[in-house]
Amino acid sequence: SSETKEHFACKYDRYGDSYTADTDMAQLKGLFSRMSNLR
Amino acid sequence: MEKKVSRICPVSDPSTTYFLQITWEKDLGVGFDVILTDGQLAWAGRVTEDEISKEAADMEMEREKYIEELQKVLLFRGQTDKYNFDISKGEASGECLNFSYEKNLKDVSFRLGSMDLQAVSSPAETIREMISYCLHSIMGLQTKNEDLRKENERLLSDVDDLQGQLLKCVEAKEELETELYKRFILVLNEKKAKIRSLQQCLKEAKEATEGPTLKRD
Amino acid sequence: MEKKVSRICPVSDPSTTYFLQITWEKDLGVGFDVILTDGQLAWAGRVTEDEISKEAADMEMEREKYIEELQKVLLFRGQTDKYNFDISKGEASGECLNFSYEKNLKDVSFRLGSMDLQAVSSPAETIREMISYCLHSIMGLQTKNEDLRKENERLLSDVDDLQGQLLKCVEAKEELETELYKRFILVLNEKKAKIRSLQQCLKEAKEATEGPTLKRD
């Protein structure tokens, strides 16, 4: 729903990385691997 | 000039050993010299280009095909069990000797060629030349062997070096990835901390604004 | 059993060619057989272990050192110009022949050994065996050559493969770095945008708070 979208948009950037929660190696690797090949 | 020395046992007397030496210019088809020796006496002869053509024609074999057969039987480039040699001495004196060579098919063999060889005047000289040629071939092959062995060693060390470099490159790639992630995480978490503190400030600012309003309300 | 066939020219008659065949078990020092042939006749003899010890003692040379010298002169493992051979025929019959070998130093040469050889009864057989041995050596060397050549080809293709893999690895490492930076920049800029927007909000919130207070002031 738009509320949910709104909610997540506040907490996560468009790539799914949290604005506030610290990241670690595994999370960042997962994030990067989900970002499609940027070429 | 090319030369080939081989050991042959005539079918008519398999217990005796002869040595066959073929000498030719680049192409066997332009003719070749034959020397045969039993270690004591020696006989020599030549097959000319025309005789090769005539022989091929008599057998109704294409000339090229015939020369191929000659290479297989006389230069031992074919399967040795498919070819036979035979030697028959002319007069008792051993002055003249007939040398023939044939190809075995399943149950029949056909003659590829035959020739009369004349006894050489100084067999010792011929035999010395043959042994010298063999020793010269051995030296050449030993040198070639040594070169190939050294080349082998060089290539082996190249393979070792490259495997080492490849390993280093793979490790460097993994290290690079780890290092970059570590740095990325530090910088990113700095920004996230900043965002958290800004959000906290904003929250307090909003409370401060809404606070008095709330009271007034 | 080891064998070595070499071509020698006696110092007393350099224009003639002889072939020297040395046969020995693993260690030359336990004795060796000598055959000499001029392509027609052949002579044979043996040097026993005791004779080797006696020869070394006569020359007051350490036995090991003496055997090393024998290997250099008889098996051609040294510089050929440092060694001489000589042959002298006993009686006219050629039944017996003396074979000697010496080492040249600067201006003097000293005899390393000499021996009487007896004519063999069937030189043809001896010569046939010598030529057969040479041909056998040639075949062995050709086979070894072929094996080395194939090994070389295999190693060359390994080197090619590894160079290809190394190139790919270097490219992959560069690509990895580029790709990671691209992703990191995108994610980082998201945070920066967020920070900018929060700062903007905070600024507005502060103005909103300070605004009425300012007015009241």
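Numbers restart at 1 for each chain; the letters A, B, ... are given by sequence-line order, proteins then strands.
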Is it the side chain or the backbone of Leu176(B) that comes within 4.5 Å of chain C heavy atoms, both, or neither?
-> side chain
Roughly how far apart are Glu190(C) CD and Leu188(B) CG, rounded to 0.5 Å?
-> 11.0 Å
For the residue pair Arg128(B) and Phe19(C), establish whether any side-chain heavy-atom pair is separated by less than 4.5 Å.
-> yes
Taking side chain as C-beta onward, heavy atoms only, is Gln199(B) less than 4.5 Å from Lys194(C)?
-> yes
Ile127(B) versus Gly39(C), closest heavy-atom pair with distance = CD1-O, 3.5 Å
Residue, of Met139(C), Gln142(C), Lys191(C), Lys192(C), that accumulates the most heavy atom pairs under 4.5 Å with chain B | Lys191(C)
Using the six-membered ring wherever Trp is involved, compare the ring planes of Phe184(B) and Tyr181(C) and label them parallel, tilted or perpendicular (cut-offs 30° and 60°).
-> perpendicular
Distance, nearest 0.5 Å, that separates CG of Asp38(B) from CD of Glu125(C) | 10.5 Å
Are the side chains of Met130(C) and Ile131(B) in touch, meaning some heavy atoms are under 4.5 Å apart?
-> yes
In Å, rounded to the nearest 0.5 Å, how long is the span from CZ of Arg149(B) to CG of Asn152(C)?
-> 11.5 Å
Segment of Ser6(B) engaging chain C (4.5 angstrom heavy-atom cut-off) = backbone
What donor-acceptor contacts under 3.5 angstrom involve side-chain atoms of residues 157-175 of chain B, with partners at least two apart or in another chain?
residue, atom, partner, partner atom, Å
Ser157(B), OG, Arg154(B), O, 2.9
Asp158(B), OD2, Arg154(B), NH1, 3.0

Between the NE2 atom in His136(C) and the CD1 atom in Ile138(B), the distance rounded to the nearest 0.5 Å is 10.5 Å
Most heavy-atom pairs under 4.5 angstrom with chain C, which of Leu156(B), Val5(B), Thr37(B), Leu155(B)?
-> Leu155(B)
Working to the nearest 0.5 Å, report the span between CG of Leu148(B) and NZ of Lys144(C).
-> 9.5 Å
Can you measure from CG (Leu198(C)) to CZ (Arg196(B)) and round to the nearest 0.5 angstrom?
-> 12.5 Å
Check Leu135(C) against Cys134(B) and note the closest heavy-atom contact, atom names and distance.
-> CD2-SG, 3.9 Å
Would you mind checking which part of Leu180(B) comes under 4.5 Å of any heavy atom in chain C, side chain (CB onward), backbone (N, CA, C, O), both or neither?
-> side chain
Do you know which of Cys201(B), Ser122(B), Ser137(B), Ser132(B) has the most heavy-atom pairs with chain C at a distance under 4.5 angstrom?
-> Ser132(B)
Minimum heavy-atom distance Ala205(C)-Leu202(B), with the two atoms named | CB-CD1, 4.1 Å
